[in-house]
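Remarks on the structure that follows.
These numbers were taken from a predicted model, which means no experiment stands behind them.
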Amino acid sequence: MKATGIVRRIDDLGRVVIPKEIRRVMRIREGDPLEIYTETDGHVVFKKYSPVGELSRVSEEYAEAINRTSGIPIAICDRDNVIAVAGVPRKEYLSKPISNRLSGVLSSRKSYTAEKGTSVTVTEDGKEVSYLSPIVSDGSVVGAVMALKQDGKQSDGSEKKLVDAGAYFMSSQTEI
């Protein structure tokens, strides 16, 4: 664990404020779920909870299935990191933070289709997203399934159906 030097008191209702600087660095937004862990030595640890992250194995299998059957490179992310990829080098994407532009697209709660003059990348220096469908759980966007652009290939529309189906499936798996 890394010490921050910040000390906060618990109020009379048992609440503690997580400082803005830490929330910004850790990308903790209002309404984000946090898991609470305790250790025998007295430590209390807050960890961001990711329903999509809990399904990393299912996400990997789904991305691999789409890629093998259609040849489309696929990435699946939660609100902060890439959870699964297929058709692109894993070490370049897996567990890496998503780009700020992608985070903004997720905040819009809508599907995204790449158009001329606009681009959204998976990570700050990664491949461009061709099509994205958000994963929605209990009314909140918790991640996305994305088809990535392929050099020299035009989309025939099938990627949208596959990505939408993946996002719908992942949404149904994350419902509480």
Side-chain angles (χ1 to χ4, degrees), residues 8 10-11 13-39 43-67 70 72-86 90 93-114 118 120-124 126 129-148 158-176:
R8 293 286 192 251
I10 295 176
D11 70 10
L13 295 175
R15 298 175 297 198
V16 63
V17 174
I18 299 172
K20 186 176 186 175
E21 306 83 42
I22 292 175
R23 292 192 320 262
R24 183 179 46 79
V25 169
M26 301 302 295
R27 291 184 167 185
I28 298 172
R29 300 165 199 84
E30 182 179 334
D32 280 355
L34 299 175
E35 260 183 300
I36 303 169
Y37 295 89
T38 59
E39 297 178 0
H43 287 97
V44 176
V45 179
F46 290 91
K47 181 180 175 194
K48 285 184 70 172
Y49 175 73
S50 169
V52 178
E54 295 288 318
L55 298 171
S56 63
R57 183 172 161 88
V58 172
S59 300
E60 290 170 11
E61 290 174 0
Y62 190 84
E64 192 65 37
I66 292 176
N67 179 255
S70 68
I72 299 167
I74 297 292
I76 300 174
C77 69
D78 63 12
R79 291 292 307 256
D80 299 306
N81 299 304
V82 178
I83 302 298
V85 293
R90 291 173 57 86
Y93 293 92
L94 208 53
S95 301
K96 301 282 183 8
I98 63 172
S99 70
N100 289 329
R101 290 275 324 261
L102 178 53
S103 185
V105 169
L106 292 179
S107 296
S108 77
R109 302 176 49 91
K110 297 178 183 171
S111 296
Y112 164 85
T113 303
T118 65
V120 171
T121 57
V122 178
T123 59
E124 290 300 340
V129 174
S130 174
Y131 181 73
L132 168 151
S133 189
I135 300 169
V136 179
S137 178
D138 295 323
S140 298
V141 174
V142 295
V145 178
M146 299 166 277
L148 308 181
S158 63
E159 67 184 18
K160 290 181 181 182
K161 290 180 181 179
L162 290 168
V163 168
D164 285 341
Y168 178 79
F169 174 75
M170 296 297 290
S171 293
S172 70
Q173 297 300 304
T174 59
E175 293 292 326
I176 297 173

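Once rounded to the nearest 0.5 Å, the distance linking CZ of R29 with CZ of R24 reads 13.0 Å. Distance OH/Y112 to OG/S130: 8.5 Å, rounded to 0.5 Å. I74 contributes atom CD1, which lies 7.5 Å from atom CD of E159 (distance to the nearest 0.5 angstrom). The distance from atom CD1 of I66 to atom CD of E61, rounded to the nearest 0.5 Å, is 12.5 Å. Rounding to the nearest 0.5 angstrom, the gap separating the CD1 atom in I72 from the CG atom in N67 is 8.5 Å. Here F46 contributes atom CZ and L34 contributes atom CG; the two are 7.0 Å apart, rounded to the nearest 0.5 Å.
Between S133 and K161 the shortest side-chain heavy-atom distance does not fall below 4.5 Å. Considering only heavy atoms from C-beta on, S99 stays 4.5 Å or farther from V122 through its side chain. Annotation: side chain of K160 is in contact with side chain of T113 (closest heavy-atom distance under 4.5 Å).
In summary, the side chains of S95 and N81 do not present any donor paired with an acceptor at a separation below 3.5 Å, with no hydrogens or angles considered.
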- Message: Test side chain to side chain contact (heavy atoms under 4.5 Å, CB included) on E39 and V45; report intermediate values, then the result.
- Response: CA-CA 8 Å; E39 297 178 0; V45 179; 4.0 Å; yes

- Query: Checking side chain to side chain contact (heavy atoms under 4.5 Å, CB included) for the pair I36/V44: CA distance, chi angles, key distance, verdict?
  - Reply: CA-CA 7 Å; I36 303 169; V44 176; 3.9 Å; yes

- Message: Could you walk me through whether V82 and M146 satisfy the side chain to side chain contact (heavy atoms under 4.5 Å, CB included) test, starting with their C-alpha distance in whole Å, then the side-chain angles of each, then the deciding distance to 0.1 Å, before giving a yes or no?
- Response: CA-CA 10 Å; V82 178; M146 299 166 277; 5.7 Å; no

- Query: So L106 and C77, side chain to side chain contact (heavy atoms under 4.5 Å, CB included) or not? Walk me through it.
  - Reply: CA-CA 10 Å; L106 292 179; C77 69; 4.2 Å; yes

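Looking at S140, its side chain never comes within 3.5 Å of a backbone N or O of V142 through a donor-acceptor pair. Judged purely by atom type and a 3.5 angstrom limit, S171 uses its side chain to pair as donor or acceptor with the backbone of A167. E124 places a side-chain N or O within donor-acceptor distance of the main-chain N or O of N100, the cut-off being under 3.5 Å. Without hydrogens or angle criteria, S59 side chain to I83 main chain gives no donor-acceptor distance under 3.5 Å. Proximity of a side-chain donor or acceptor of R23 to a complementary backbone N or O of I18 within less than 3.5 Å is detected. Under a 3.5 Å cut-off, the side chain of Y62 and the backbone N or O of G166 do form a donor-acceptor pair.
Classification of D78 and R27 as a salt-bridged pair fails, no side-chain N sitting under 4.0 Å from a carboxylate O.
Exactly one of L102, V145, V163 qualifies for a side-chain contact (heavy atoms from CB on, under 4.5 Å) with L132. That residue is L102.
Partners of P19 according to the side-chain contact (heavy atoms from CB on, under 4.5 Å) rule, which considers only residues two or more places apart in sequence or in another chain, are I6, R8, E21, I22. Taking R109 as the reference, nothing meets the side-chain hydrogen bond (donor to acceptor under 3.5 Å, both in side chains) condition, with sequence neighbours excluded.
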